Amino acid sequence: MTLALGCIADDYTGASDLANTLTRCGLRTVQTIGVPSDDLALPEVDAVVVSLKSRSIEAGLAVSRSRAAEKWLRDRGADHVLFKICSTFDSTDAGNIGPVMDALRADSGDAIVLVTPAFPETGRTVYQGNLFVGSVPLNESPLKDHPLNPMHDSNLVRVLARQSRTKIGMVELAVLTRGPDAVRARLAELGGKGFGAVIVDAVFDRDLETIGAVALDHRLSVGASGIGLGLARALVASGRVKSNAPNAVAGAPVGGPAACLAGSCSQATLQQIASAEAVMPVLRLDPAQVVAGKDEVRRALAWAGERLARGPILIASSSTPDQVAALQSRHGRDATGHAIEQAMADIAEGLVQSGVRRLVVAGGETSGAVVDRLRIPGFLVGEEIAAGVPVLRAVGAAGGDMLLALKSGNFGGTEFFSDALKLMR
Ligand SMILES: Nc1ncnc2c1ncn2[C@@H]1O[C@H](COP(=O)(O)OP(=O)(O)O)[C@@H](O)[C@H]1O
Ligand SMILES: O=C(O)[C@@H](O)C(=O)COP(=O)(O)O
């Protein structure tokens with residue numbers, strides 16, 4: 001297998017978002033969980049997205065895992081590697097975008113790296129180096145209340161400069177609109193002045209196409225699904241990849257009981273849970289009891305056991321920003337997040353033991369904990385449920401055929417859970 005594009009995603013929902021975009025642009029793509037073992041049979045593909053759970057771990061560990069993934073991808077012929085980060089630049093001053101970028105840049109030998117989280121289809125745009133979520137700057141968006149990485153600065157040049165050892169510059173929209181050669185000239189100028197990375201503005205998909213064409217001159221880029229779209233379209237336009245991906249894998253129906261788990265506390269997910277209450281039984285866990293080590297998992301599985309045969313169910317730990325802050329002040333941010341993630345993984349494991357084969361999970365870290373617990377080594381990309389969220393078909397899973405949807409907390413319309421289940425047959 002010779003890869004046209006190698007990708008390292010810092011969480012599992014982000015990886016499926018990117019795999020979805022690449023597939024839709026015509027690249028045959030597979031998502032793996034971690035660096036695949038030698039015995040995982042992968043189909044012939046143009047791109048592999050290696051999913052890591054490295055967004056909110058210690059920076060040194062994120063660097064070593066990302067470098068191992070990079071080596072695996074380069075060994076399989078990937079000339080270009082995309083480090084997939086969140087379209088809302090989820091990170092803290094301790095990392096992990098800057099440290100991973102610095103290490104991959106050193107490995108790749110690139111003088112300068114293009115960085116953009118823009119993903120216009122989901123309302124993420126970058127102008128003058130500032131990230132907008134819909135119509136508001138990042139620091140005024142719901143991301144200011146994220147349980148693990150609250151975002152308080154929309155100026156990404158500043159945000160990345162606090163995390164990276166290199167000088168961070170900017171390529172503004174006015175340069176981008178003059179086309180690839182104008183961008184190349186600006187990069188040469190900035191590279192000459194010692195800048196090692198640039199935040200690139202992008203508002204429309206055509207800006208991402210320009211970025212993709214230029215990024216292919218380099219060995220590394222950093223960004224969200226939007227830059228994935230730019231790279232994929234550039235690979236097809238340059239003839240390096242024949243656009244031969246089927247629109248999505250279909251496969252035999254899986255059937256059986258279906259369940260949804262929500263660990264995201266994003267505004268979008270809170271609304272989706274409220275809407276789901278009209279169409280399926282919803283159990284709201286008591287997060288304080290979970291963190292205190294009380295047996296919420298057993299309660300949840302008993303509740304589910306009484307209902308699963310009659311139709312889909314939803315179990316949620318999600319609460320409002322005030323409630324999240326109150327719990328974190330008692331137990332600490334990381335311990336709270338970890339305890340709830342592990343409880344969700346316990347519940348997922350119990351549900352699968354009870355026969356669930358169709359599982360929707362809301363939340364990136366939550367999805368990571370669940371997929372790790374279910375020991376699923378990889379996914380093929382199926383139909384798109386909402387922008388950035390495909391149906392996934394597990395490959396190589398010990399438990400046999402299974403469909404999942406891993407939803408970024410912020411993605412999807414109000415009816416997301418029922419929309420997903422309609423496509424997961
Ligand atoms: N009620 C709650 N209080 C505090 N933290 C919570 C609660 N419910 C879930 N969490 C934690 O919040 C984090 C949500 O992150 P994640 O799953 O990545 O969602 P998103 O996709 O919205 O970023 C996880 O660590 C999860 O365990
Ligand atoms: O780029 C994005 O916004 C998503 O692909 C993503 O990374 C999701 O992260 P979570 O919101 O933590 O699920």
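On a predicted model such as this, the values are computed, not experimentally measured, just so you know. Just so you know, ligand 1 is whichever comes first in the structure, and atom 1 is the first atom listed for that ligand.
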Asks: With atoms numbered from 1 as shown, which atoms in ligand 2 lie under 4.0 angstrom from a non-hydrogen atom of G409?
Replies: 11 (O), 13 (O)
Asks: Considering only heavy atoms of L327, which atoms of ligand 1 have at least one such atom less than 4.0 Å away?
Replies: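 Checking each atom against L327, I get 3 (N).
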Asks: Where does T13 meet ligand 1, judged by heavy-atom distances below 4.0 Å: at the side chain, the backbone, both, or neither?
Replies: neither
Asks: Check each heavy atom of P147 against ligand 1 and say whether those closer than 4.0 Å belong to the side chain, the backbone, both or neither.
Replies: side chain
Asks: Decide whether the shortest distance between a heavy atom of R55 and an atom of ligand 2 is less than 4.0 Å.
Replies: yes
Asks: Give the atoms of ligand 1, by number and element, whose distance to some non-hydrogen atom of P287 is under 4.0 Å.
Replies: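 Answer, ordered by atom number: 1 (N).
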Asks: Between K422 and E415, does at least one N-O distance fall below 4.0 Å, as a salt bridge requires?
Replies: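 Between E415 and K422 there is no salt bridge, as every charged N stays at least 4.0 Å from the carboxylate O atoms.
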Asks: Less than 3.5 Å between some nitrogen or oxygen of K407 and one of ligand 2, yes or no?
Replies: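 Min N/O separation from ligand 2 is not below 3.5 Å for K407.
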Asks: Under 4.0 Å from a heavy atom of S87: which atoms of ligand 2 are those, numbered in the order shown and with their elements?
Replies: 1 (O), 2 (C), 3 (O)
Asks: Which ligand 2 atoms are under 4.0 Å away from a heavy-atom of K84?
Replies: 1 (O), 2 (C), 4 (C), 5 (O), 6 (C), 7 (O)
Asks: If hydrogens are left out, which of K53, R55, H146 has an atom nearest to atom 15 (O) of ligand 1, that is, the closest non-hydrogen atom?
Replies: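 Residue with the shortest heavy-atom distance to the ligand atom: H146.
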Asks: Can you list the atoms of ligand 2 that are under 4.0 Å from a heavy atom of G364?
Replies: 12 (O), 13 (O)
Asks: Indicate whether the side chain of S164 and that of D102 have a donor and an acceptor atom separated by less than 3.5 Å.
Replies: yes
Asks: Output the list of atoms in ligand 2 that are nearer than 4.0 Å to some heavy atom of D17, sorted by atom number.
Replies: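 So the atoms of ligand 2 that pass are 1 (O), 2 (C), 4 (C), 5 (O).
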Asks: By number and element, which atoms of ligand 2 are closer than 4.0 Å to a non-hydrogen atom of N410?
Replies: 11 (O)
Asks: Using a strict cut-off of 4.0 Å, indicate which atoms of ligand 2 neighbour a heavy atom of D11.
Replies: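 Checking each atom against D11, I get 7 (O), 9 (O), 10 (P), 12 (O), 13 (O).
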Asks: Which part of T366 is near ligand 1, with near meaning a heavy atom under 4.0 Å away: side chain, backbone, both or neither?
Replies: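 The answer is both, backbone and side chain.
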